[in-house]
Amino acid sequence: MNKLQRTPERYTTEEYRARLVKIRAKMEKQGLDMLIVSDPSNMSWVSGYGGWSFYVHQCVVIGPTGDPVWFGRSQDAQGAYRTVWVSRDNVIGYPDHYVQSTEIHPMEYLCDRLTDMGWDKGTIGVEMDNYWFSARAFERLQNGLPNAKFKDSTGFINWERAVKSEKELEYMRQAARIVERMHHRIADKIEVGVRKCDLVAEIYDAGLRYDEWYGHGGDYPAIVPLLPSGPDAAAPHLTWDDLPMKENEGTFFEIAGCYQRYHVPLSRTIFLGKPPQEIIEAEKAVLEGMDAGLEAARAGNTCHDIADAFFKSLEKRGIVKDNRCGYSIGLSYPPDWGERTMSLRRGDMTELQPGMTFHFMTGLWMDTWGYETTESIAITDGAPEVFCDLPRKMLVKS
């Protein structure tokens, strides 16, 4: 192991090696000789690396034999030495003049190193539809490894991450305590006249500050707090401004606790004043639908079953929600805390297994208002585990 390592390991070396065995078995089934992983969440899950360096080209290479190889900017190799479970010999840093150059590309350097290792042939899997793997990167790999064939392996590692280990579930339970604390802080501080930016500062403070009772502090979530108010709440992904909170407006708060990069999102709605009847009726429909969806969230059922139960409940009340009602969650980096695999939507026939984790995202975004009450859950051998313990209703503050 690395003598410089100082960051506590997220998992044991044995767990990393067990993941590697599963990955290689899947690679063999799919005819892959090598896998290049660019998604920082997947890089972390495979290697342990987790620095904020995904704005430059980096990856983890899983070759036909041996331990994974971390590849990235030379100055970030120092972070790799301190976090990855493999030896220093498996860390490759490229010179800084490759960074954001219009003349040379980091993938050219990687191709040279792979050729030196004899890994320049066979079938190579790459994450084609991925935020962090560019068209230019793919072009440079193709040109630099002319004797290799490339195969789209988008989601290869993501799906391996779908069923969480007990250690991963433990991290998510700790993240749940954090997001509970964040919502309690919001409920305590929000009132008419409070500037929204100041409320966000409270959210971050509650989400990051060390908690003596639980014995841990929070990490930065992959998505910033989302808290549109009034008519703006019709849009699900607006952030904040520096204006005061207004009377007779509802605001939903979509936030997540994060611990060891594991996320537990949770949304609640707060109305300052008297909520209109349409929002009150919408809440009744959503809560009924959540109960129905949670009842269907059992191993052996499918993602479709959860969504169908929820949507049928809405439809009985004449409400149409034309977007999915959830997605798989876990370890993640910006810009998204979802795993980009399963969706809780009609037609997704993925079978639910114990250890799968989801954000049951039941938000409604209508023409002039929005409402969110959500839960993060884990599939078990029986009823789902609901990670958070927070009243599942709209908070009304006069």
Side-chain angles (χ1 to χ4, degrees), residues 41 171-191 194-211 214 216-230 232-243 245 249-272 283 286 290 325-339 357-365 370-378 386-395 397:
S41 302
Y171 289 153
M172 295 185 75
R173 293 179 188 118
Q174 290 170 318
R177 304 291 78 76
I178 292 171
V179 77
E180 289 170 354
R181 184 174 66 193
M182 294 161 75
H183 275 287
H184 284 306
R185 181 75 66 86
I186 294 167
D188 181 55
K189 296 294 184 179
I190 189 172
E191 60 182 56
V194 170
R195 293 190 181 276
K196 191 167 282 189
C197 57
D198 293 332
L199 194 56
V200 171
E202 294 285 351
I203 292 171
Y204 272 115
D205 180 79
L208 302 180
R209 191 173 295 280
Y210 189 86
D211 191 302
Y214 294 114
H216 62 259
D219 206 343
Y220 65 90
I223 303 177
V224 301
L226 305 174
L227 56 159
S229 302
D232 287 348
H237 296 132
L238 296 181
T239 56
W240 64 86
D241 52 33
D242 60 356
L243 299 177
M245 303 293 293
E249 282 193 343
T251 303
F252 67 74
F253 294 84
E254 184 175 347
I255 55 178
C258 184
Y259 184 73
Q260 293 284 2
R261 301 307 320 145
Y262 282 83
H263 290 70
V264 170
L266 190 71
S267 301
R268 291 293 185 266
T269 298
I270 299 178
F271 202 95
L272 298 178
E283 178 177 49
V286 167
M290 289 192 75
C325 64
Y327 44 84
S328 181
I329 55 171
L331 184 155
S332 203
Y333 288 80
D336 179 24
W337 56 47
E339 289 185 322
T357 50
F358 296 91
H359 184 203
F360 190 9
M361 171 26 93
T362 55
L364 296 179
W365 307 287
Y371 171 88
E372 288 188 14
T373 292
T374 73
E375 296 287 1
S376 286
I377 63 173
V386 178
F387 280 114
C388 296
D389 181 14
L390 200 71
R392 196 179 298 162
K393 63 179 180 180
M394 178 169 54
L395 174 63
K397 293 188 74 172

K.L.:
Determine, for D211 against R181, whether the closest basic-nitrogen to carboxylate-oxygen distance falls under 4.0 angstrom.
P.N.:
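Yes, this pair counts.
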K.L.:
Give the minimum heavy-atom separation between P236 and L226, together with the two atoms involved.
P.N.:
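So the two residues come closest at O-CD1, 3.8 Å.
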K.L.:
What heavy-atom pair brings E191 and L272 nearest, and what distance separates the two atoms?
P.N.:
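Of all heavy-atom pairs spanning E191 and L272, the closest is C-CD1, 3.9 Å.
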K.L.:
Closer than 3.5 angstrom, by distance alone: can the side chain of T269 be matched with the main-chain N or O of E372 as a donor-acceptor pair?
P.N.:
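Answer holds: yes.
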K.L.:
Could you go through the side chain to side chain contact (heavy atoms under 4.5 Å, CB included) check for F387 and R173 one step at a time?
P.N.:
CA-CA 6 Å; F387 280 114; R173 293 179 188 118; 4.0 Å; yes
K.L.:
Cut-off 3.5 Å, side chains only: do Y214 and Q174 have a donor facing an acceptor?
P.N.:
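No, Q174 and Y214 have no side-chain donor paired with an acceptor closer than 3.5 Å.
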K.L.:
Could you check S229 against K196 for side chain to side chain donor-acceptor pair (under 3.5 Å), going step by step and ending with a plain yes or no?
P.N.:
CA-CA 10 Å; S229 302; K196 191 167 282 189; 2.7 Å; yes
K.L.:
Counting N and O atoms only, with roles assigned by atom type, does the side chain of R261 sit under 3.5 Å from a partner on the main chain of Y220, one being a donor and the other an acceptor?
P.N.:
yes
K.L.:
Between S41 (side chain only) and Y333 (backbone N and O only), is there a donor and an acceptor less than 3.5 Å apart?
P.N.:
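Yes; judged by distance alone, with no hydrogens or angles, the pair exists.
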K.L.:
Would you kindly check if the NZ (Lys) or CZ (Arg) of R209 is within the cone defined by 45 degrees around the ring axis of Y204 and under 6.0 Å from the six-membered ring centre?
P.N.:
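No cation-pi geometry.
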K.L.:
Identify the two heavy atoms, one from D188 and one from K397, that lie closest to each other, and give their separation to 0.1 Å.
P.N.:
O-NZ, 4.0 Å
K.L.:
Answer yes or no: is there a donor N or O on one side and an acceptor on the other, between the side chain of H359 and the main chain of W337, under 3.5 Å?
P.N.:
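Side chain of H359 to backbone of W337: no pair is present.
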K.L.:
Any chance you could lay out the side chain to side chain contact (heavy atoms under 4.5 Å, CB included) test for E202 and I190, step after step, and finish with the verdict?
P.N.:
CA-CA 10 Å; E202 294 285 351; I190 189 172; over 6 Å; no
K.L.:
On a heavy-atom basis, which atom in P225 and which in V200 lie closest, and how many Å separate them?
P.N.:
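Minimum heavy-atom contact is CG-CG1, 4.2 Å.
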K.L.:
Might you point out which heavy atoms bring A256 and H263 nearest each other, and give the distance in Å?
P.N.:
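Heavy-atom minimum between the residues: CB-CD2, 4.3 Å.
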K.L.:
For the CZ atom of R185 and the CG atom of L199, what is their distance to the nearest 0.5 Å?
P.N.:
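Separation between the atoms: 10.0 Å.
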K.L.:
Calculate, to the nearest 0.5 Å, the distance between atoms CZ and OG1 belonging to F252 and T374 respectively.
P.N.:
10.5 Å
K.L.:
Contact between S267 and M361 at the side-chain level, heavy atoms closer than 4.5 Å - yes or no?
P.N.:
yes
K.L.:
Within a radius of less than 6.0 Å around NZ of K393, do more than 12 heavy atoms belonging to other residues, nucleotides or ligands occur?
P.N.:
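Incorrect, the count does not exceed 12.
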K.L.:
One pair to check against side chain to side chain contact (heavy atoms under 4.5 Å, CB included): Y171 and L331. What are the steps and the verdict?
P.N.:
CA-CA 10 Å; Y171 289 153; L331 184 155; over 6 Å; no
K.L.:
Under 3.5 Å, is there a donor-acceptor pair between the side chain of E180 and the main chain of D389?
P.N.:
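Between the backbone of D389 and the side chain of E180 there is a qualifying donor-acceptor contact (under 3.5 Å).
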K.L.:
How far apart are the C-alpha atoms of T357 and Y262, what are their side-chain angles, what is the distance that settles it, and do they pass the side chain to side chain contact (heavy atoms under 4.5 Å, CB included) test?
P.N.:
CA-CA 11 Å; T357 50; Y262 282 83; over 6 Å; no
K.L.:
Short question: side chain of T362, backbone of T373 - any donor-acceptor pair under 3.5 Å?
P.N.:
yes
K.L.:
So, are E375 and R268 salt-bridged, with charged N and O less than 4.0 Å apart?
P.N.:
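R268 and E375: salt-bridged.
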K.L.:
Name the residue from V264, V179, D219, I178 that meets the side chain to side chain contact (heavy atoms under 4.5 Å, CB included) definition with Y259.
P.N.:
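For Y259, the side chain to side chain contact (heavy atoms under 4.5 Å, CB included) check succeeds only for I178.
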K.L.:
For the residue pair E254 and P265, establish whether any side-chain heavy-atom pair is separated by less than 4.5 Å.
P.N.:
no
K.L.:
Might you point out which heavy atoms bring M182 and I255 nearest each other, and give the distance in Å?
P.N.:
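Looking at all heavy atoms of both residues, the closest pair is CB-CD1, 3.6 Å.
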K.L.:
Could you tell me if the side chain of I223 sits less than 4.5 Å from the side chain of H237, heavy atoms only?
P.N.:
no
